[in-house]
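Take a look at the structure below.
Heads up: numbering here begins at 1 and tracks the sequence.
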Amino acid sequence: MAECYTMLKQDKDAVAILDGIPSRQRTPKINMMLANLYKKAGQERSAVTSYKEVLRQCPLALDAILGLLSLSVKGAEVASMTLNVIQSIPNLDWLSAWIKAYAFVHTGDNTRAINTICSLEKKSLLRDNVDLLGTLADLYFRVGDNKNAILKFEQAQMLDPYLIKGMDIYGYLLAREGRLEDVENLGCRLFNISDQHAEPWVVSGCHSFYTKRHSRALYLGAKAIQLNSNSVQALLLKGAALRSMGRVQEAIIHFREAIRLAPCRLDCCEGLIECYLASNSVREAMVMANNVYKTLGANAQTLTLLATVCLEEPVTQEKAKTLLDKALLQRPDYIKAVVKKAELLSREQKYEEGISLLRGTLANQSDCVLHRMLGDFLVAVNEFQEAMDQYSIALSLDPNDQKSLEGIQKMEKEESPTDATQEEDVDDMEGSGEEGDLEGSDSEAAQWADQEQWFGMQ
């Protein structure tokens, strides 16, 4: 009956019926269900008590261990509850390190979590473990190492073709990389596995968002939240869609809820700060960025986030420069820091320094935004041919990058001013013809968008 109530989203009735069972008669399954329901309702103390009761009866219940760690119970306390069974059963020496790793995960110490899980993964018992690979991918994503995150998600997916958990983040990363065809294929594959999870809807929403179909992305994000109200990625998708549609105050509500569910995830805070900046609430953005910096420590990501807000005010430009230099000293390959430093150098018209910074970063990795920015800097120093090459590389990485396309078009116009003057009448006629065609294609696209069914997955 409790399971039926849960399926009907009537959690209070599910809790009431399970609470009616005397404590001594509750099985581990009942306590586990109660713990999850308490946690979902925000009743943390009751959830901790129920999880501990599960561990008392079943010391190897890993989900109960994860539940306790997610509720800020110290790793040492959780490990002590499993100590006797670890000593009495052979081949369980990995469990202590496993608990330690997930304790780091839930306290936001991502670097130590990655190191601990990598050492676990090398052990024969846990090699190619899908859960560990998924967690490792998520951690790489949190520290901004998108390349390794994608690699680990791909490994996990190869080992388990029916894997759904974490695929929403994988889809988002692919969309960020401009691999929209892969995102579309992933969405279709996930829908074939199950349409009752949030992940397929989020992946399809990411595809819509990065193809500028924000209304559709908004709908798909809302559908994902309906299926799983605790889906952080669904909240971020819906928040981003609302922000892009100019509905900033509604977006703020969604980003705040995402932060409540995942306080250690920097992308949730970044979304909220972007909303504050979009609504010219620089003071609120600064308070938020400072809080993140104090809570998560001085790493490349938090330094860059704080610098991003400092760049908004003329009086804090020097502070932004100092913060970005510190971030790049820690992680010279951190793309967001490189982008912000390049923006600052562009404002100061230090083009040669900007070119040197971007070339150095692109020597080790390829990124659409970096190639486009290098193109902009090369135009500023009249290196037009190489700038054209950089814009072309950017477009090959992301064919939808409008700014690279605009850069190429601007250069093509400036390259032949004489021809344009001589054939002014012809150009005007051709221009008006092309404009008519474009307008026609826009209206046709709009009609197609209107007729498109929400649930129609190509």
Should the pair [X] and [Y] be assigned to parallel (<30°), tilted (30 to 60°) or perpendicular (>60°) ring geometry?
{"X": "Trp201", "Y": "Phe191", "answer": "perpendicular"}
{"X": "Phe141", "Y": "Tyr172", "answer": "perpendicular"}
{"X": "Tyr102", "Y": "Trp98", "answer": "tilted"}

Check: Which atom pair, heavy atoms only, marks the closest approach of Leu174 to Val183?
Finding: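 Here Leu174 and Val183 meet closest at CB-CG2, 3.5 Å.
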Item checked: Heavy-atom closest pair, residues Thr302 and Leu266 -> CG2-CD1, 4.0 Å
Note to self: Is it the case that over 12 heavy atoms from other parts of the model lie below 6.0 angstrom from the CE atom of Met158?
What the structure shows: no
Notebook entry, point to check: Stepwise, does the side chain to side chain contact (heavy atoms under 4.5 Å, CB included) test hold for Leu374 with Leu370?
Noted result: CA-CA 6 Å; Leu374 181 55; Leu370 296 184; over 6 Å; no
When you check the side-chain N and O atoms of [X] and [Y], is any donor under 3.5 Å from an acceptor?
{"X": "Asp376", "Y": "Tyr391", "answer": "yes"}
{"X": "Asn36", "Y": "Tyr51", "answer": "yes"}
{"X": "Lys39", "Y": "Ser70", "answer": "yes"}

Tell me whether [X] is salt-bridged to [Y], with the criterion being a basic N under 4.0 Å from an acidic carboxylate O.
{"X": "Lys403", "Y": "Glu406", "result": "no"}
{"X": "Arg359", "Y": "Glu386", "result": "yes"}
{"X": "Glu77", "Y": "Lys52", "result": "yes"}

Next item on the list: Take Leu272 and Ile252 through the side chain to side chain contact (heavy atoms under 4.5 Å, CB included) test and state the conclusion after the steps.
Entry: CA-CA 6 Å; Leu272 184 57; Ile252 285 173; 3.7 Å; yes
Margin query: Under the criterion side chain to side chain contact (heavy atoms under 4.5 Å, CB included), I'd like the reasoning laid out for Leu95 against Leu62: C-alpha separation, chi angles, the key distance, then a yes or no.
Written below: CA-CA 9 Å; Leu95 185 57; Leu62 300 186; 3.7 Å; yes
Next item on the list: Evaluate the salt bridge (Lys or Arg N to Asp or Glu O under 4.0 Å) criterion for residues Lys152 and Asp138: first the C-alpha distance (whole Å), next the side-chain angles of each, then the deciding distance (0.1 Å), finally the verdict.
Entry: CA-CA 9 Å; Lys152 292 300 175 184; Asp138 184 51; over 6 Å; no
Check: With no hydrogens and no angle check, is any side-chain donor or acceptor of Ser346 less than 3.5 Å from a backbone partner on Ala342?
Finding: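 Pair absent, no side-chain N/O of Ser346 close to backbone of Ala342.
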